[in-house]
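Here the structure comes first, spelled out in structure tokens, and everything after it is commentary.
Treat the numbers as computed from the prediction; the structure is a model and nothing was measured.
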Protein chains: 2
Amino acid sequence: MERNLEVVGTATPPPRADATRNRARLLDTARRLVAERGAEALSMDCLAEAAGLGKGTIFRRFGSRAGLFEALVDDTERAFQEACMSGPAPLGPGADPVTRLVAYGRRRLDLVVEQGALLAASNHGPSALGLHPASRAAGMHVRVLLRAAGVRADLELLTIQLLAALDPALVLNLLRLPGMTLERLGAGWEDLARRVTAAG
Amino acid sequence: MERNLEVVGTATPPPRADATRNRARLLDTARRLVAERGAEALSMDCLAEAAGLGKGTIFRRFGSRAGLFEALVDDTERAFQEACMSGPAPLGPGADPVTRLVAYGRRRLDLVVEQGALLAASNHGPSALGLHPASRAAGMHVRVLLRAAGVRADLELLTIQLLAALDPALVLNLLRLPGMTLERLGAGWEDLARRVTAAG
DNA sequence: AAGGAAAACGGACTACAGTCCGTTCTGAAC
DNA sequence: GTTCAGAACGGACTGTAGTCCGTTTTCCTT
């Protein structure tokens, strides 16, 4: 008898019951603590104690602090990605590429305002690269839009340069500056996007 | 008798001899350790021991780890800033603004390759803002060039967006990507700068 | 239902940035 | 030269992310 009837080749064994239960418990507790005291104040020791679990369990499950936050924003990121790929225009297909690119940045800025601390904390490493799936998806999306807009350039690089302007940590800090508003950032993004796509 | 003959008004008392000596000793030791083992491997405990000083002294002098690295790159940053303001073209005055902007980014990328780890470690906070003097000077310079190039936009914001593409941590990570070279980054910057300044 | 291998767990442990406060040193005034 | 106020120092202390390995739990096999 095979241990896995569905996939014979690269079979990943199903997670154990306690692993699943504890994962859910950690995420629930984390969400509660974040709601109560903010994302920055959430330490791993604190979470472990509040969830009644060991610290090692957190790191086994999520790999790092950033990995935990990545899991926390996973739903939102999936929904956002879905909206980009198959939702209504102007974010989804239907509008022209530049309009979609503008809408992408504006919606992204909204997201940062809504849950910026979570997003910033979910950034692994020094700066955004195409490592975690969410940022990989973002890069793909923007690159496709740029190509569709007829931009002829090093699209991979241009994409990274554009997305750097939407980096949650950067945006969060900008919003703390006097005289900086979400509207202004949105207008700035639109201007940048139009300039970059203007030449062709 | 006045304690300070030169500046009467807001007189900052001169630093004590031991403070000056220890500051120099810390910087020397730090430079040596960085040369031997790299910037990432330099811990403050380690530096304190190697310099034969207490850890408190480091923090009293430099405020933070980033502050220490800021002091370490201070010479280079000053020279760079000087070259931008009054050096030979195309970096300094003489060339047209767009050419200067292109040269600025290219030279900045060179600097990141030369001492990227130091620059990355000297970044306070989450992402670059106009807080420490070096980045304030960079912002001023780019903003002036954009204005001189006739760009009509939210220049403060556009400057930040452009400089985000030169962030040391980002650039350092990009260079680790397969197929990414300094030349490619330079070309990418040039393309971005020309696109942004094209519209007016 | 019993056995056992592998996965998951727990919490002590390490390494690190940054703080605190009692102690030491400097330099200016007399 | 003595004094002394305040600057500078030292290193123990705190809080944090992440690691390690002996112990416990799961669940497949028989």
Side-chain angles (χ1 to χ4, degrees), chain A residues 1-5 11-27 29-30 33-34 37-72 117 120-126, chain B residues 1-5 11-27 29-30 33-34 37-72 117 120-126:
Chain A
M1 204 73 164
E2 271 298 325
R3 80 169 48 191
N4 195 326
L5 292 174
T12 299
R16 258 168 52 168
D18 51 354
T20 305
R21 171 177 30 93
N22 289 338
R23 181 190 165 87
R25 184 144 76 176
L26 284 168
L27 288 176
T29 309
L33 290 178
V34 165
R37 283 181 274 175
E40 309 81 5
L42 180 68
S43 81
M44 305 316 258
D45 292 271
C46 174
L47 171 60
E49 189 182 8
L53 293 170
K55 200 170 156 182
T57 303
I58 302 179
F59 283 92
R60 157 175 291 270
R61 202 76 16 235
F62 301 106
S64 68
R65 186 175 197 275
L68 170 70
F69 281 97
E70 198 180 325
L72 282 176
S122 77
N123 261 353
H124 293 258
Chain B
M1 203 77 161
E2 272 300 324
R3 82 168 46 189
N4 196 326
L5 291 174
T12 298
R16 255 168 57 169
D18 51 353
T20 306
R21 170 174 35 90
N22 288 338
R23 181 189 164 88
R25 184 143 76 175
L26 283 169
L27 288 177
T29 308
L33 291 178
V34 165
R37 284 180 274 175
E40 309 83 1
L42 182 68
S43 82
M44 306 315 259
D45 293 271
C46 174
L47 171 60
E49 189 182 8
L53 294 170
K55 199 170 157 183
T57 303
I58 302 179
F59 284 91
R60 156 174 292 268
R61 205 80 8 241
F62 302 106
S64 68
R65 186 175 197 274
L68 170 70
F69 281 97
E70 198 181 325
L72 282 176
S122 76
N123 263 354
H124 294 259

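Side-chain N/O atoms of A:Asn22 include one lying less than 4.0 angstrom from OP1 or OP2 on C:dC9. At C:dA17, one or more side-chain N or O atoms of B:Arg65 fall inside 4.0 Å of OP1 or OP2 (strictly under the cut-off). Taking 4.0 angstrom as the limit, A:Arg16 places none of its side-chain polar atoms (N or O) nearer than this to OP1 or OP2 of D:dC28. The phosphate of C:dA8 has OP1 or OP2 within less than 4.0 Å of a side-chain N or O from A:Arg60. Contact annotation: B:Thr57 does not reach the phosphate of D:dA8 (side-chain N/O to OP1 or OP2, under 4.0 Å).
With rounding to whole Å, B:Glu49 atom CD is found 17 Å from C:dA17 atom C1'. Atom CD of B:Glu40 is separated from atom P of C:dA17 by 12 Å (rounded to the nearest Å). Following rounding to the nearest Å, A:Lys55 (NZ) and D:dA17 (P) show an atom-to-atom distance of 7 Å. Distance CG (B:Asn123) to P (C:dA17): 16 Å, rounded to an integer number of Å. Distance CG (B:Leu42) to C1' (C:dC16): 12 Å, rounded to an integer number of Å. A:Leu53 has its CG atom 13 Å from the P atom of D:dT25, to the nearest Å. Taking atom CD1 on A:Ile58 and atom C1' on C:dG11, their separation rounds to 12 Å, with Å as the unit. Going from atom CG of B:Leu47 over to atom P of C:dC16 covers 12 Å, rounded to whole Å.
Across the interface with DNA chain C, nearest-nucleotide mapping of B:Ala17 and B:Ser64 shows B:Ser64 to be the residue nearer the 5′ end. Where A:Pro15 and B:Ala41 meet DNA chain C, the nucleotide closest to each residue was compared, and A:Pro15 sits on the side nearer the 5' end. Projected onto DNA chain D by closest heavy-atom contact, A:Ser43 and A:Gly56 fall at different nucleotides, the more 5' of which corresponds to A:Ser43.
The side chain of A:Arg61 sits closest to C:dC9 out of C:dC9, D:dC9, D:dA17. Of the candidate nucleotides C:dG10, D:dG18, C:dT19, C:dT19 has the atom lying nearest to any side-chain atom of B:Phe59. Listed nucleotides D:dC27, D:dA8, C:dA8 differ in distance to B:Asp18; the shortest reach to its side chain belongs to D:dA8.
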side-chain contact (heavy atoms from CB on, under 4.5 Å) evaluation trace for A:Ser122 with A:Leu72:
CA-CA 8 Å; A:Ser122 77; A:Leu72 282 176; over 6 Å; no
Evaluate side-chain contact (heavy atoms from CB on, under 4.5 Å) for B:Glu49 paired with B:Asp45, printing each intermediate quantity in order.
CA-CA 6 Å; B:Glu49 189 182 8; B:Asp45 293 271; over 6 Å; no
Just do the side-chain contact (heavy atoms from CB on, under 4.5 Å) check on A:Arg23 and A:Leu26 with the steps written out, would you?
CA-CA 5 Å; A:Arg23 181 190 165 87; A:Leu26 284 168; 5.9 Å; no
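Between the side chain of B:Arg65 and the main chain of B:Leu42, a donor-acceptor pair closer than 3.5 Å is present. Judged purely by atom type and a 3.5 angstrom limit, B:Thr57 has no side-chain atom pairing as donor or acceptor with the backbone of B:Leu53.
Contacts of A:Arg21 with the nucleic acid, taken as non-hydrogen atoms under 4.0 Å apart, involve only primed sugar atoms and P, OP1 or OP2.
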